[in-house]
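Structure record follows, encoded as structure tokens.
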Amino acid sequence: LPEIDWEAVTKEATDLLARFIRIESMNPPGDEVDACAFLGAVLAAEGVDHTTYDAGSRRVSLSATLPGDTSLRPLILLNHSDVVPVQEEFWTVEPFGGAVRDGQIWGRGALDMKGMAVMELMTFILLKRQSIALRRPLVLLSVADEEAGGAWGIEWLDRHHPELLDGEWVINEGACGFASLLDQDRPVFAFCPAEKTPLWLTLRARGPAGHGSMPLPNAAPVRLTGALQRINEWQRATRVLPVVDAMFDGLVQGRVLAERPDAGQIPALARVAPQLRAMTTDTVSLTTSNYGVKINVIPALAEATLDCRLLPDRDPGEFLAELRGVIDDDDIEIETMFVSPSGISPLDNDLTATARAVTREMMEDSLFVPVISPGFTDSRTFRRRGIPAYGFCPSLLKTEEFATIHGHDERISIENLKLGTQVIYEVTRRLCAA
Ligand SMILES: [Zn+2]
């Protein structure tokens, strides 16, 4: 095999990412057509065919395949080409400028997730250039609309091109690594086999309208406020799922944690560590409320929205029944706006074993631990179909870099772009090469 010149590959990846960032694909409106044209042109230059899928309204997804034994299902390298909007006034660089400086590539999407898309694209291109024979097909899948729930992207493909989702495994966003964790200077690669289930609710109270000078005890805002108060005081159980159990094991073995917290300690720990709380409990955030029209008018309607995130094995119907009990007011209407349960992918299979081995070989002192992602990604659509999907972005981020995801001055270091490309390439090669 020709040896890979990783310095040259890194330069190429850096240039690709800078150019990819310059293609604005903010969602809303999404408009992924130019992003797909860019990816398509890069693939065409390597002599690889691609297919685009037009969901309408310039919402386009793309796939390309390196063929293998057709009796085996492919490994799917999944990414999304849309990005979230920016508040330009808070940025110190042009958000869509794709600047390369101070060892970083700057711009919206650098981490979420054009950077990882480039790692996957480079992997795909390198395997093609090396003419490596594959036993298992390799699919590069770049979808639209992830940032708005995927109705024009993965969910659309799920309905119109289900064959595209038929993989053996999926590698996607959903977990980045940590340069250091809990003050321990030790690289931790994270992978995510499960995500919280989003359950978005609107609560609605109706009541008599009237003059603000004469309070009505049964007024809609009064009843809704009472319900929100009870929800706020609701103590939900803490549960340690096997994924979190394995995470604790890994962190203790790697001496990032001195000892594993016992079940009794976790509720107290979870109260002060939002990430641990997200991984061990169903959470509820009050996100909007809309109560009235004027200061001296008692409104007949009061509404609030709740962003609930359930542990991945929790039945949404069961949660709703408990919530109803907590609200304890039959006149409050609960409307489900969005719910998308997915399931839990295996902790141990060829993919996770390979990723564990590759990260360990690449960085001897590194750890490889599973996490539950508090947010949701397109992986859920695959898991729903029983296809193992993993969040696995093998970059080692510093705390301040994590904060730029959906924030300001988003950036990825060239070093992380290189590391991620090397890891994804090697994992893919081992899983697919003949
Ligand atoms: Zn993303």
Side-chain angles (χ1 to χ4, degrees), residues 111 173-196 235-285 309-314 344-349 351-375 377 390-405 407 412-413 415-416 419-420 422-423 427:
L111 289 170
E173 66 176 350
C176 284
F178 306 84
S180 68
L181 194 63
L182 303 170
D183 297 326
Q184 298 296 309
D185 238 349
R186 176 155 206 186
V188 179
F189 290 98
F191 73 102
C192 168
E195 297 164 357
K196 297 292 281 292
Q235 301 287 330
R236 288 172 300 278
T238 303
R239 282 192 300 127
V240 176
L241 299 188
V243 178
V244 177
D245 221 32
M247 177 188 77
F248 284 139
D249 278 348
L251 293 177
V252 171
Q253 274 165 26
R255 290 187 299 279
V256 168
L257 270 183
E259 55 185 17
R260 78 176 284 126
D262 65 46
Q265 293 170 308
I266 287 175
L269 277 176
R271 267 193 292 279
V272 293
Q275 279 181 341
L276 186 61
R277 179 169 54 218
M279 283 193 237
T280 54
T281 49
D282 304 319
T283 61
V284 180
S285 287
R309 306 289 177 127
L310 315 186
L311 287 172
D313 64 345
R314 175 80 135 137
I344 303 175
S345 298
L347 278 170
D348 295 299
N349 59 15
L351 185 140
T352 62
T354 305
R356 184 183 299 277
V358 168
T359 50
R360 178 60 56 87
E361 286 167 34
M362 211 83 103
M363 288 186 159
E364 218 183 316
D365 65 336
S366 69
L367 301 179
F368 179 77
V369 298
V371 295
I372 294 175
S373 167
T377 71
Y390 297 92
F392 180 53
C393 183
S395 289
L396 300 170
L397 303 190
K398 298 179 185 137
T399 313
E400 64 266 27
E401 291 170 321
F402 272 107
T404 72
I405 299 175
I412 186 171
S413 70
E415 205 180 325
N416 268 324
L419 174 66
Q422 288 178 317
V423 173
V427 170

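The basis for the numbers below is simple: all heavy atoms, side chains too, and nothing from hydrogens, waters or symmetry mates.
The distance from atom CG of Asp313 to atom CG of Leu241, rounded to the nearest 0.5 Å, is 4.5 Å. Here the straight-line distance linking atom CE of Met247 with atom CD1 of Ile372 works out to 8.0 Å at 0.5 Å rounding. Interatomic distance, Leu367 CG to Thr359 OG1, rounded to the nearest 0.5 Å: 9.0 Å. Distance check: Arg239 CZ to Thr280 OG1 gives 10.0 Å after rounding to the nearest 0.5 Å. Going from atom CZ of Arg277 over to atom CZ of Arg271 covers 9.5 Å, rounded to the nearest 0.5 Å. We find the CZ-CZ distance between Arg186 and Arg255 to be 6.0 Å, quoted to the nearest 0.5 Å.
By the 4.5 Å heavy-atom criterion applied to side chains, Leu251 and Val369 are counted as neighbours. Counting heavy atoms from C-beta on, the side chains of Asp365 and Pro187 come closer than 4.5 Å. At least one side-chain heavy atom of Leu419 sits under 4.5 Å from a side-chain heavy atom of Leu396.
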(request) I would like to know whether Arg236 and Asp282 meet salt bridge (Lys or Arg N to Asp or Glu O under 4.0 Å); could you show each step before the answer? (result) CA-CA 7 Å; Arg236 288 172 300 278; Asp282 304 319; 5.8 Å; no
(message) Pair Lys196, Leu310 - check side chain to side chain contact (heavy atoms under 4.5 Å, CB included), show working.
(response) CA-CA 5 Å; Lys196 297 292 281 292; Leu310 315 186; 5.6 Å; no
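When each of Thr352, Val423, Leu351 is checked for a side-chain contact (heavy atoms from CB on, under 4.5 Å) with Phe392, only Val423 meets the rule.
Contact between Ala263 and Pro267 at its shortest, heavy atoms only, is O-CD, 3.3 Å. The shortest non-hydrogen separation linking Ala175 to Gly391 is CB-O, 3.7 Å. Listed here is the closest heavy atom pair of Pro346 and Pro193: O-CB, 4.3 Å. Between Gly174 and Thr377, the shortest heavy-atom contact is CA-CG2, 4.1 Å. Heavy-atom minimum distance, Met279 versus Leu311: O-CD2, 3.4 Å.
Note on ring orientation: taking the six-membered ring where Trp is involved, the planes of Phe191 and Tyr390 are tilted (angle from 30° to 60°).
For Glu259, the CD atom counts as loosely surrounded, since its 6.0 Å shell holds 12 or fewer non-hydrogen atoms of other residues, nucleotides or ligands. For Glu361, the CD atom is densely surrounded, since the number of other residues' heavy atoms within 6.0 Å is greater than 12.
The side-chain hydrogen bond (donor to acceptor under 3.5 Å, both in side chains) search around Ser413 returns Asn416, not counting sequence neighbours. Scored by the side chain to side chain contact (heavy atoms under 4.5 Å, CB included) test, Ala273 finds Leu276 as partners (sequence neighbours excluded). Applying the side chain to side chain contact (heavy atoms under 4.5 Å, CB included) rule to Ser373 yields the partners Cys192, Glu195; only residues at least two apart in sequence or on another chain are considered. Taking Ser285 as the reference, Thr287, Asp307 meet the side chain to side chain contact (heavy atoms under 4.5 Å, CB included) condition, with sequence neighbours excluded. Judged as a side chain to side chain contact (heavy atoms under 4.5 Å, CB included), and not counting sequence neighbours, the contacts of Pro261 are Phe248, Leu257, Gln265, Ile266, Leu269. Residues satisfying the side-chain hydrogen bond (donor to acceptor under 3.5 Å, both in side chains) criterion with Asp348, sequence neighbours excluded, are absent altogether.
Separation of the Phe178 and Phe189 ring centroids does not fall under the 6.0 Å cut-off.
With Lys398 contributing its side chain and Ser180 its backbone, the two residues share no donor-acceptor pair below 3.5 Å.
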